[in-house]
Each structure stands twice: as C-alpha cells, then as structure tokens.
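Keep in mind that what you see is a predicted model, and the values were worked out from it rather than measured. Lettering of chains follows the sequences in order, A, B, ..., and the numbering in each one begins at 1.
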Amino acid sequence: MLASNYDPHAIEKKWQAEWHSARLYSVTEDASKPKKYVLEMFPYPSGDIHMGHVRHYSIGDVVARYFTMRGMSVLHPIGWDAFGLPAENAAIKSNSHPAAWTHANIEKQAASFRRMGFSYDWDRSLRTCDPEYYRWGQWSFLKFWERGLVERKNSPVNWCPGCKTVLANEQVLSDGTCWRCKSVVEKRELEQWFLKITDYAQELLDDLDELSGWPERVKAMQANWIGRSEGAEVDFTLCDIAGEPTETTITVFTTRPDTLFGCSFFLLAPEHPLVKEFVAGTEYEAAVMNVVRAAEKESAIDRSSAEEEKRGAFTGRYVMNPVNGEKVPVWVSDYVLMEYGTGAVMAVPSGDQRDFDFARKYDLPIPPVVVAEDDAILGELSGVRERVLADVPWEVAYAGPGVMVQSGEFTGMRGGKASEGMKAVTGWLAERGQGRFSINFRLRDWLISRQRYWGNPIPAIHCPVCGLVPVPEEQLPVLLPMDVDVTKGETLADHPDFYETTCPKCGGPARRETDTMDTFTCSSWYYLRYCDARNDVAIFDPEKTGYWMPVDQYIGGIEHAILHLLYSRFFTKVYRDMGLVDFAEPFTNLLTQGMVKLDGATMSKSRGNVVAPEEIIAKYGADTLRAYILFMAPPDKDLEWSNEGLDGMWRFLGRAWRHITEVAEETAAGARGAAAVDPAGAALRRERHRVVGKVADDIERFGFNTALSAMMELLNAASDYRRTIPAAERDAALEREVAETLTLLLAPYVPHMTEELWREALGHETSVHTEAWPTWDPAAAASDAVEYAVQVNGKVRARLTVPADASEDLVRDAALALDKVAEQIAGKTVRTVLVVPGKLVSIVIA
RNA sequence: GCCCGGGUGGCGGAACAGGCAGACGCGUCGGUCUCAAAAACCGAUGAUGGAAACAUCGUGCGGGUUCGAUUCCCGCCCCGGGCACCA
C-alpha cells in the first residue's frame, strides 16, 4: 500500500537493496547498442562523504542514467584511489595500519555512495592498493622502461619536509608549497626515478587542439604548463684563464637569436657544475661562492620571485660570441635556473628586462641591437653594422619588434619574435655548426619515486655487478609487505626481508628498490582497467577497451587540470605506442565541476565549516539532496551551500508525489482516452512535449538546474490543469501520460522516489530505470497561436496574438491596426515595419 | 605583467542563434485552512512615480554598430582562478 505522503526514508533503502541484489547497473559490452562511458574521477577513500562528493557523483549519476534511458549501453564504474599518504598519517595517529584504515574507509564510503543511490556497476569496482590492481602498474612501469621512458637520474628535486618525500614539479604549487600538506618545499640534489613525459611534450601540446570537449581554461593551463618556446641553441667558446679560446663550448638556449650581437655578458646558474671549477683557488672564488651559497639557502619561493634583487658575481672567465668573436665576461647569477634550458644564458640587456636590471646594477654595457621604429636612437644607428654605441639611454629594455642595428651583416633586418632576423641568425649559426634551431619546454620529466611505504613498490633491483635491473615480468607483483610498522616511522628501506634479494641477471646478492611510486601513477590508467577489471592475465583486454574507450564524459575537479589529466594523457599515448589501444586521448569530453563552499570558503573539517550530507539525508532523504545540489547552480560553477532552498526542493518533490499518486489512483494503468480537444488539454499536451525536449537538451549541455526548472514548470502546468478544470471535463488519459512522463524525466535525479511511483503507484512491473526516455515531437510542442510583441522605436508598446501560420503581411497589418500602435504613430511617418516570424514586430517611425 | 573565467532583483540563478530581461526556486508580504501554530494550498513581489491604466529607468562603467544589445565591437573598472626571474 502506497503511503499518501512522500516519505523518502521508507522507500530509499528498500530500492537500494533491490537494485543491488538485482545487479541493475551491471553492464557488459553490447555491440547492438551505441556505448557511453561516463566516469567521475575516483575518490581517495577519506571515509567521510562530503558535499563535494555529493555534487560530483550526482552529476555523473544523472548523465549515466540519462544515457541509459536514451538507449545506450552505459559504463558507469566506481573504485578507490587507495594508496597514499593520508592513510599513513592516519595510521600513525591511530596506531593502526594504513591497510586497515584504508579498507575501513572504503567500506564506509561505499555505504554512503549506495545510500545516495548512485548507479554504479559495483562488479567492476577496484582498489589501487590491491595486488591484483597494482601489479599492472608495475607491469606498465617495466613496459615504459623497455621503451626507454624510465630513467634514474641525479638532479635537484623538490623535497617536502611535511610528507618526508620528494614531489613532482606538478605537485608543487606556484607559491612553492606542497599541494597536499602546504609545507614549503625544499630543493635537494638526489638520485630519483623519472618517467620521461618530456618525450611526449609536443604531442601533449598538439593534441589539446583536438579536445573540443574540454573546457578552454583546462587546455590553457596545460599548454601553459608544457610551456613550449621556439628559439635556438648557441654554442659559446670557452676561454681559458689566460683568455685564450679552448676546445670547449658552452651552449645556451635563447628565444631571441636575433639579439646575439647585443650579448654583453654571459650567465651561469649557481648550481651549474662549471662554476666551482672556474673559480676554485682564484681571486673570484669568495664573491662567487657567496652567491652560490645564498642561492642554496634561499627557499624556492624567494628564488622564483621576480621582485627579488638579482645577485651576481664575475667568475674571472670569458666566452666567445660566435657571431662576432667578441669575448664576454661570465658571471654567476641566482636568476638563472639550472632546471630550465642548459643552466647557462646569453645576456642581452637591451632586449631583456632581467638582463637590463642586472647590467645596471653591476655596471655592464647595454648595447642596442633591436630598436623600435620610432626610437630616437635609430636615426644615428640605422644601417650601422659596427658597434658605435655601447649603452642605451633607456630606462627599460626593449623586447618588441624593431630594426636590427650594430648587428654585422644582419643589420637592417627585422628583429623580434618569429622575425626574419631570428631565422637568418639561426641559419648562419647552423651553417657553421655553432648553433641550431631549437625548441624548449618548461615541462620537466615526472619524478615518480616516493620515500614512503603505502604505495606501489617500484619493480627494480640494484645489483652491484649488473647495475639497475628490472624485476622480471613473471615475478610480478612485487608485493608490498604488510608487516611494516609506520607508527615507528618505518619504510620499506627498514625491512631487509623485503629488500634483500638476488639479481635476476647474475644471481648474485642484490638490493630491491625500496621507493614506491607516486600515487598519480595508479590513477593514470584506472579508467582502462574498469573496462576489464577482473582480468588476471593482462592489464586489460584490448577488445574491451576498444568497445568502451575513450571515456565519453569525464567529470572531475579543476584541481586536476594539470596533474592527473596530464599524466593520464601521457599514459594513454604510451599505451597507444605499445599497440594496446588505438586512440591517443583518453577523455573525449571533460566537465570540471565547481567547488561546494560555505561562507565563501571550501568546506573543511579543520575550518569547522562543514555541512554533513548525512544530516541532510536524515532529514530529507537522498533524493532531495541530489536534486537540490544540482538545482543550486550550473555544475561548472562554484556553489555556495545554503540550507534555505532545501525546503523548496522538498516541496516540489512532495507536490510531484501527491500529484502523480492522485492521478494514478484515478486512471487505470495504460488507460488512454481520446486526444483532448479542449484548449487547456491541448496546452498541457504541448507543454509535455516542450519539457521532454528541453530536459533532454539541458542534460546534454549539463544544464541540470534548468532541466529541473522545466520539470517544475510541467508539474505546475499539470496541477493547474487539475485544479482549474472540473473532473468531468478532464482528459484522464492525458493526465496519466503527463504523470508518467514526469516520473520518467525525474528518474535520473530522484531515482528512489520515481522507482516507488513507477512501480507502486503507476503499477508497472519493471524498474523505471530500465525504461526508455519518453518520446517527444517538437512539432507537437508548437502552439497554433503565437503572441507577437509589437515594438515602436525599440519599445514594446503592445502585444498581438495571431494564428501560428499567419503570413508576415497579415501580422504587419494587424500590428499597425492595434489601438496602442495607432496612438503612437498618429501624425508620424512610418519608416519601416520589420516582422521577426514568431517573435515580434518592430515599427520605426520618424 | 601574461592567459582563462565572471560581474543580471533582497538571494541562488534563467535568457542555448542580436528579438518581450529577470524563467524556475528561495526569501518577503497578503490570503485560505486552523482554537492556534506547523504543514499544505492560493496570490503579489526589479526600482521610481501613480489610486489605477500606465510612464520612466534598469543586466559593472563609458562609447559604438543596429529598427532592436545582458548578447556583437572598442576603451576601462572590479572580482575569482592559472602561470610568471622559463632566457
């Protein structure tokens, strides 16, 4: 017996259990149907479900359910990004094991997700901390290694003192702090494992153009991060202490080879290996080492601040400029970065503000070489090949386009970015083997080793005889041992049982690698694994990924604009080169959902500004919460949480419930009457068609809020009809059709309520969630009468209702004949009368 | 500094293709029901003037194009985000 009032608590758990036991949302490949892969970025199992989760997964759920109703075969999986530091930290705090903490959280969070009624195929669920999963991460690592994409190298790396491990560049925020714990990151020189993502820099950049389904800003951020610069490498000949040329050259990268004649000094980064060699035992040593030591001490933040005063010292050495044989002094300065380019820079102070500032500070010459068309000094320098002016009268450097002066045979050419002069100088250098066209990327290789326990062990062995040796594939997985006690600060490096091993090559004693992999490696391929989650002989069956991939709709937070999304694109391209997949991009369409805030700030426990979804569910049920959070704002915008409007959604669902149950009681299932001929019934029928079409359109463009508005309008129309037309005159069949339509339209948003209505009130045998989307006909939504707005000189003065098929002439005449219009045009000349079909009439008078 | 977003009633937000600004909801006010309250339902609700019909103004600011601009163009202001000593 159906309750007369909407009571979500009685029905939600009932249907959750029913769907679960019926495995309603399990899918397999079905070649007879078009497929859709709808994916929300999988969660880190923090245990609590917060409003951000509710929003994120509600969006995905509506999209998945909608596509299912539209006849697609829909893959909508869920899993757990289960390795990571929070588990270790929590284990230390609660004196337990990261595995126990993680597994308990997954249970808890999975229960919350079920309580929300999300339509996941739980049969495909995965946890990245399971050996059945992470072994394929290790396998991928070995395949990358075979392809030359794994490198262990010594370099300055980011060390997070809070996390006690190194971080990839992408994981350091622009203010120099750790993305996870906000500690200030330090630079350390360490030997670490890298994945050579830079091999794919160009393709990662180029393919952004193909991602028409991605937000522009995400693509802009990635392009920015990859940071491609075109220019040239230039070889400068090093001079010995006596100032005589040697056989050695030092190469620099420049984006402005056209300014080479303006190079008046040369710079090395403080970390550059040649620095110490140059100054050891010389009179310059003390001053130079001061700069080097100061740079070492400086934090990454200060070092990267443009505000910082540039420090430098002369090394006593000179290099020779290849274009003019000029000897220029070599300085050390902290504004030169070892990580970018070659760690050496040719300084052209007239064309670069940083070099300009440095030259002024240390009293170095600033010879002009590219001069703006309207600059006064062009008069005396125009066409002058030799250097006659060694210093500019400028206050700032000039980096724009202009005419080349004092530049030998290139004098008179156009200089600037992508200029004739740039090409000419580069060509000249290339002919002589002293330079070449070059492209530089800001993107660095991905540092993936982590000095932490709760992660995927790197499958490598250090052999004193053979060097670095990969773990043979048949020995995978390298199991993460469970007897590591993180509460005592232990890592794998404290466990001889783990690291003592034999070399697979020579059989001698060897040491297993004790670093684990960045958790971002685990999340770089999970979307592929969902396609074939239980495969125990391969990472996945290419037939299955061939059916499901690429992901048609990916949904996630903007915080992964670079991190996860860039890494996943990289992994996909490598798998493609391995022949495992035949596409280059994993995510066709991307929706970045906005944050849920309270009092203008992200909800967080530490800040104490949280609204717990459980509390809302306890009061209103999951359906109201789902619908409300989608109604509050468009999904890509930040949302300020407020309890105020919840009652509005509750009222709407309650009204829908009462309306549908009342109509259902009065009309037998499947009853169909004659088509309504009365105007009110016809209007309601038109409204039904309009709304069905609008809701479909809106969902496809993520207008979940406007889709709900349209459903509210349909309910308003249906209940107005019911209230204003006497029972005897109402079209019962139409009413039932509208009630069923409303139930179907609401189903993706409020799956429990609609299931109860569909089966118990409307009397259907099968689930509403296996029903097809209601049919609609745009023509049937069109009214046979249209209202025109009549404008006189741009102002609406009257309204006019005419038959929909009225001709333009008829509309024009009718408009001019209106009293209001006659009033306006009396005594004036009508200049133009413009009819916009179906919309308005615009009358222009003099 | 560069690159993306955004600025509309008291509030969240609509207006997808240059065509009636403010859909839908919240809130507020008035009403019905009730002994009363809650819930529910009905109605009003951009501002100003007016008893009303209605008029004028109104989408961050200033210009422009157009019969007509929240929408397109030019110049600004403010807010949010990303990048930034990258040679």
Inset, instruction - Would you mind telling me which residue lines up with the more 5' stretch of RNA chain B, Arg655(A) or Tyr788(A), judged by nearest nucleotide? - result: Tyr788(A)
Inset, instruction - Tell me what Gly341(A) touches on the nucleic acid: a base, only sugar-phosphate, or nothing, going by heavy atoms under 4.0 Å. - result: nothing
Legend entry - Sidechain-backbone polar pair: Asp334(A) side chain, Pro270(A) backbone, donor-acceptor under 3.5 Å: no
Inset, instruction - Answer yes if the ring centres of Phe441(A) and Trp225(A) are under 6.0 angstrom apart, and no otherwise. - result: no
Inset, instruction - Using a heavy-atom cut-off of under 4.0 Å over every strand shown, decide if Glu787(A) touches base, sugar-phosphate, or nothing. - result: base
Legend entry - Contacting residues from residues 256-267 of chain A, given that a heavy atom lies under 4.0 angstrom of RNA chain B: none
Legend entry - Rounded distance in Å between the C1' positions of C72(B) and U59(B): 16 Å
Inset, instruction - Ignoring backbone atoms, test whether Arg311(A) places a side-chain nitrogen or oxygen under 4.0 Å from the OP1 or OP2 oxygen of C85(B). - result: no
Inset, instruction - Assess the pair Trp650(A) and Tyr6(A): is the distance between their ring centroids shorter than 6.0 Å? - result: yes
Legend entry - Side-chain (Asn793(A)) to main-chain (Ile845(A)) donor-acceptor, under 3.5 angstrom: yes
Legend entry - Nearest-angstrom distance, C1' atom, G22(B) to G9(B): 7 Å
Inset, instruction - Give the rounded distance in Å between these two atoms: CH2 of Trp657(A) and C1' of C41(B). - result: 20 Å
Legend entry - Separation between the C1' atoms of G27(B) and A17(B), rounded to whole Å: 35 Å
Inset, instruction - Please confirm whether the backbone N or O of Thr251(A) pairs with a side-chain atom of Thr342(A), one donor and one acceptor, at under 3.5 Å? - result: yes
Inset, instruction - Specify the separation, in whole Å, of atom CG of Leu714(A) and atom P of G25(B). - result: 13 Å
Inset, instruction - Provide the distance between the two C1' atoms, one in C79(B) and one in G25(B), to the nearest whole Å. - result: 26 Å
Legend entry - Atom-pair distance (NZ on Lys694(A); P on C16(B)), nearest Å: 9 Å
Inset, instruction - State which of A87(B), A14(B), G25(B) makes the closest approach to the side chain of Asn716(A). - result: G25(B)
Inset, instruction - Calculate, to the nearest 0.5 Å, the distance between atoms CE and CE belonging to Met422(A) and Met404(A) respectively. - result: 11.0 Å
Inset, instruction - With C1' as the reference atom in both, quote the distance from G19(B) to U71(B) in angstrom, rounded to an integer. - result: 11 Å
Inset, instruction - Produce a footprint string for nucleotides 66-72 of chain B: one letter per nucleotide, 5' end first; B if the base is under 4.0 Å from any protein heavy atom, S if only the sugar-phosphate is, - if neither. - result: -B-----
Legend entry - Whole-angstrom distance between G58(B) and U70(B), as gauged at atom C1': 11 Å
Inset, instruction - Assign G68(B) to syn or anti; the rule is syn for a glycosidic angle within 90° of 0 and anti otherwise. - result: anti
Inset, instruction - Kindly say whether Gln593(A) contributes a backbone atom to a donor-acceptor pair with the side chain of Asp636(A) at under 3.5 angstrom? - result: no
Inset, instruction - Residues of residues 346-358 of chain A with any non-hydrogen atom less than 4.0 angstrom from an atom of RNA chain B: list those, numerically ordered, please. - result: Arg354(A)
Legend entry - For atom CD1 of Ile226(A) and atom P of A84(B), their distance in whole Å: 14 Å
Legend entry - Ionic contact status for Glu640(A) with Lys597(A), cut-off 4.0 Å: no
Inset, instruction - Specify the separation, in whole Å, of atom CZ of Phe236(A) and atom C1' of A87(B). - result: 12 Å
Legend entry - Distance below 4.0 Å between Arg658(A) side-chain N/O and C41(B) OP1 or OP2: yes
Legend entry - Plane angle bin for Tyr398(A) and Trp394(A) - parallel if under 30°, tilted between 30 and 60°, otherwise perpendicular: perpendicular
Inset, instruction - Could you check whether Pro634(A) gets within reach of a base, just the sugar-phosphate, or nothing at all, counting any heavy atom under 4.0 Å? - result: sugar-phosphate
Inset, instruction - Using the C1' atom on both, measure U8(B) against A14(B) and round to a whole Å. - result: 10 Å
Inset, instruction - Could you tell me if the ring centre of Phe236(A) sits under 6.0 Å from that of Phe266(A)? - result: yes
Inset, instruction - Output yes when Lys423(A) and Asp258(A) qualify as a salt bridge under the 4.0 Å nitrogen-oxygen rule, no when they do not. - result: no
Inset, instruction - Round to a whole Å and report the spacing from CG of Leu646(A) to P of G27(B). - result: 11 Å
Inset, instruction - For nucleotides 3-12 of chain B, just jot down a letter per nucleotide in 5' to 3' order: B, S or -, based on protein non-hydrogen atoms under 4.0 Å. - result: -S-------B
Legend entry - For Glu662(A), the option from Arg655(A), Arg722(A), Arg723(A) that meets salt bridge (charged side-chain N to carboxylate O under 4.0 Å, His left out): Arg722(A)
Inset, instruction - Answer yes or no: are there more than 12 heavy-atom neighbours, outside Arg831(A) itself, under 6.0 Å from its atom CZ? - result: no
Inset, instruction - Can you tell me, in whole Å, how much space there is between the C1' of G63(B) and that of A47(B)? - result: 25 Å
Legend entry - Lys/Arg N to Asp/Glu carboxylate O, Glu713(A) vs Arg690(A), below 4.0 Å: yes
Inset, instruction - Indicate yes or no: does Lys694(A) engage Glu687(A) in a salt bridge with an N to O separation below 4.0 Å. - result: no
Inset, instruction - For the side chain of Arg651(A), starting at C-beta, report the closest nucleotide among A14(B), C86(B), G27(B). - result: G27(B)
Legend entry - Whole-Å gap separating P (G13(B)) and CH2 (Trp641(A)): 14 Å
Legend entry - Where Met51(A) and Met603(A) come nearest, the two heavy atoms and their spacing: CG-CE, 3.9 Å
Legend entry - Short side-chain N/O contact to A87(B) OP1/OP2 from Ser229(A), under 4.0 Å: yes
Inset, instruction - Could you walk me through whether Ser229(A) and Asn440(A) pass side-chain hydrogen bond (donor to acceptor under 3.5 Å, both in side chains), step by step? - result: CA-CA 5 Å; Ser229(A) 303; Asn440(A) 228 291; over 6 Å; no
Inset, instruction - With sequence neighbours left out, write down each residue that passes ring pair (Phe, Tyr, Trp, His ring centres under 6.0 Å) with Phe358(A), or none if nothing qualifies. - result: Phe265(A), Trp331(A), Tyr335(A), Tyr362(A)
Inset, instruction - Taking Watson-Crick and G-U wobble pairs with both distances under 3.5 Å, convert RNA chain B into its dot-bracket string, 5' to 3', dots for unpaired and | for cross-strand pairs. - result: (((((((..(((......[....)))((((((.......))))))((((....))))..(((((..]....))))))))))))....
Inset, instruction - Round to a whole Å and report the spacing from OH of Tyr749(A) to P of G25(B). - result: 15 Å
Inset, instruction - Please answer whether the main-chain N or O of Ala397(A) pairs with a side-chain N or O of Gln353(A) as donor and acceptor at a distance below 3.5 Å. - result: yes
Inset, instruction - Return no unless some side-chain N or O of Arg797(A) is found under 4.0 Å from OP1 or OP2 of A55(B). - result: yes
